[in-house]
Amino acid sequence: MERTSIELVERWKRIPEGTPVNALHEMAGLTAEIIARSVFGNDLGDDSAAAVTEGFTSYQALVDSINIGYFLGFDDGLPIFRTPTLRRSVSRIHRIIDKVVEDHLSGRGDHNSMVELLVRRQMKSPELKLDLVALRNEAATIFMAGHETTASTLTWAWYLLSRAQWVEEAVHAEIGRVCGNRIPTIDDVPQLELCKAVIEETLRLYPPVPILARQTREAEMIGNIAAQRGSLVLIVPWLLHRTGSLFEQPHYFRPERFMGGRRPTPYSYIPFASGPRVCPGLHFGLTEAVLCLAIIAQQFRVVVASTHKLEPVCRLTLRPKGGLPVTLEKRSGTPRADR
Ligand code: HEM
């Protein structure tokens with residue numbers, strides 16, 4: 001995470017000040033690289049990393065569902081692949097992932113990657129036949145679920161910070177206090193209380209997964225509504241998180257809701273879902289978002305024009321329509337990396 005964020009900051013330093021940049025695109029590239037390195041290993045070549053990212057991006061542009069696994073064809077029931085372009089991008093992703101898995105199986109992969117963990121888990125139970133397709137699907141699901149969501153969170157965080165200068169200044173002050181003139185590391189994350197609160201409040205106002213879909217196994221009473229067996233139930237964090245009886249001034253950006261031990265009422269705040277299908281990447285995603293925010297905010301202000309009108313749209317995740325056009329303003333001082 002640190003290395004990839006620092007690479008982004010270094011690249012941004014070479015962009016002339018005032019050049020328009022799409023923050024959503026930048027954050028998607030950053031989180032794709034982080035998850036690609038974590039899932040597939042650091043030795044995934046640049047070409048393969050780019051092909052996986054492009055493949056998923058073109059896939060996402062062509063599908064419009066909320067169940068990532070199902071519509072990628074990695075969950076129960078294959079979707080109908082609607083166009084040759086879509087089929088091509090999926091089979092390209094499959095080919096690259098298969099190659100990575102094969103490398104791991106023959107002992108050539110990065111030992112710190114998630115694929116390596118999956119391969120080892122499979123190998124520990126030789127009585128179960130090694131299921132390459134399942135392995136590929138798990139790796140791909142983690143990639144897809146872990147990349148878009150964090151990119152969307154960071155993009156919305158930049159938007160909210162640019163509209164609340166007093167919070168942005170407090171974020172800069174906190175990073176200065178905790179890290180001095182060295183680049184934030186993963187060990188600083190527990191001390192970056194405001195940065196974490198900014199991310200949590202961003203997830204409240206703009207939950208990357210704004211609708212959760214469930215199906216009743218049996219006939220149920222949900223409140224005073226009778227749901228028949230097999231009914232589709234939609235839980236909408238987008239609405240829940242903005243309910244006035246649960247959150248004071250629900251439409252306001254107030255990170256202090258999450259500071260000093262304050263937490264929302266149980267089940268009123270579910271950006272990572274809840275229950276048996278809670279997001280398994282919760283800690284990874286939160287840590288990643290806080291660390292990326294701190295590393296970038298230490299060196300840059302991400303400025304959204306005051307005239308910019310933003311429209312949220314829900315595709316696989318909740319994102320600003322057309323991305324988020326910003327300019328980058330270099331902050332003074334060059335911090336040093338400790339490692
Ligand atoms: C801020 C970032 C993230 C948010 C807001 C988020 C949110 C969610 C939500 C709401 C679900 C449940 C969807 C449903 O039940 O319909 C989910 C599932 C999932 N997430 Fe995340 N996620 C984030 C980051 C990550 C990361 C970084 C990873 C991987 C490292 C990840 C891996 C997964 C996986 C594999 C599932 C499917 C679990 C299952 O089907 O049981 N997520 N995520």
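These values consider heavy atoms only, across backbone and side chains, with no hydrogens, waters or symmetry-generated copies. Numbering of ligands and ligand atoms starts at 1, following listing order.
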Self-check item: N or O pair under 3.5 Å between R277 and ligand 1
Solution: yes
Practice problem: Would you mind running through ligand 1 and noting each atom that sits below 4.0 Å from a heavy atom of T153? | Solution: 1 (C)
Quiz item: Ring centres of F258 and Y269 under 6.0 Å apart?
Solution: yes
Quiz item: Heavy-atom contacts under 4.0 Å between I35 and ligand 1: side chain, backbone, both, or neither?
Solution: side chain
Self-check item: Evaluation steps, salt bridge (Lys or Arg N to Asp or Glu O under 4.0 Å), between E200 and R204
Solution: CA-CA 6 Å; E200 293 192 298; R204 184 184 70 80; over 6 Å; no
Practice problem: Heavy-atom contacts with A273 under 4.0 Å: which atoms of ligand 1 show up? List them by number with element. | Solution: 10 (C), 12 (C)
Practice problem: State whether R37 and E33 are salt-bridged, where the test is any N-O pair (Lys NZ or Arg NE/NH1/NH2 against Asp/Glu carboxylate O) under 4.0 Å. | Solution: yes
Quiz item: V39: heavy atom below 4.0 Å from ligand 1, yes or no?
Solution: no
Quiz item: For ligand 1, which atoms, with element, lie under 4.0 Å from some heavy atom of P271?
Solution: 5 (C), 7 (C), 10 (C)
Self-check item: Option with minimal heavy-atom separation from atom 8 (C) of ligand 1, where the choices are A289, G285, C279
Solution: C279
Quiz item: T150 to ligand 1: N or O pair under 3.5 Å?
Solution: no
Quiz prompt | Inter-residue atom distance L291.CG - I34.CD1, 0.5 Å rounding | solution = 7.5 Å
Quiz prompt | Under 4.0 Å to a heavy atom of P208 - the qualifying atoms of ligand 1, by number | solution = 5 (C)
Practice problem: For ligand 1, note which part of E148 has a heavy atom under 4.0 Å away: side chain, backbone, both or neither. | Solution: neither
Quiz prompt | Salt bridge flag under 4.0 Å for residues K196 and E174 | solution = no
Quiz item: Can L30 and I296 be said to form a side chain to side chain contact (heavy atoms under 4.5 Å, CB included), step by step?
Solution: CA-CA 11 Å; L30 171 68; I296 297 170; 4.1 Å; yes
Exercise. Please step through salt bridge (Lys or Arg N to Asp or Glu O under 4.0 Å) for the pair K330 and E17, ending with a clear verdict.
Key: CA-CA 8 Å; K330 179 94 188 68; E17 203 144 308; over 6 Å; no
Practice problem: May I ask you to check if R163 and F253 form a cation-pi contact, with NZ or CZ under 6.0 angstrom from the six-membered ring centre and within 45° of the axis? | Solution: no
Practice problem: With heavy atoms of L212 as the reference, note each atom of ligand 1 found under 4.0 Å away. | Solution: 10 (C), 13 (C), 14 (C), 16 (O)
Exercise. Number the atoms of ligand 1 from 1 as they appear, then name those within less than 4.0 Å of a heavy atom of I142, with their elements.
Key: 29 (C), 30 (C)
Quiz item: Which ligand 1 atoms does R214 reach within 4.0 Å, using its non-hydrogen atoms?
Solution: 14 (C), 15 (O), 16 (O)
Exercise. Could you list which atoms of ligand 1 come closer than 4.0 Å to a heavy atom of F284?
Key: 27 (C)
Quiz item: With a 4.0 Å cut-off on heavy atoms, is H147 touching ligand 1?
Solution: no
Exercise. May I ask which of P210, G281, P280 has a heavy atom nearer to atom 19 (C) of ligand 1 than the others do?
Key: P280
Quiz item: Distance under 6.0 Å and angle within 45° of the ring axis: does R14 meet both against W12?
Solution: no
Quiz item: Looking just at side-chain N and O atoms, do Q249 and R254 make a donor-acceptor pair shorter than 3.5 Å?
Solution: yes
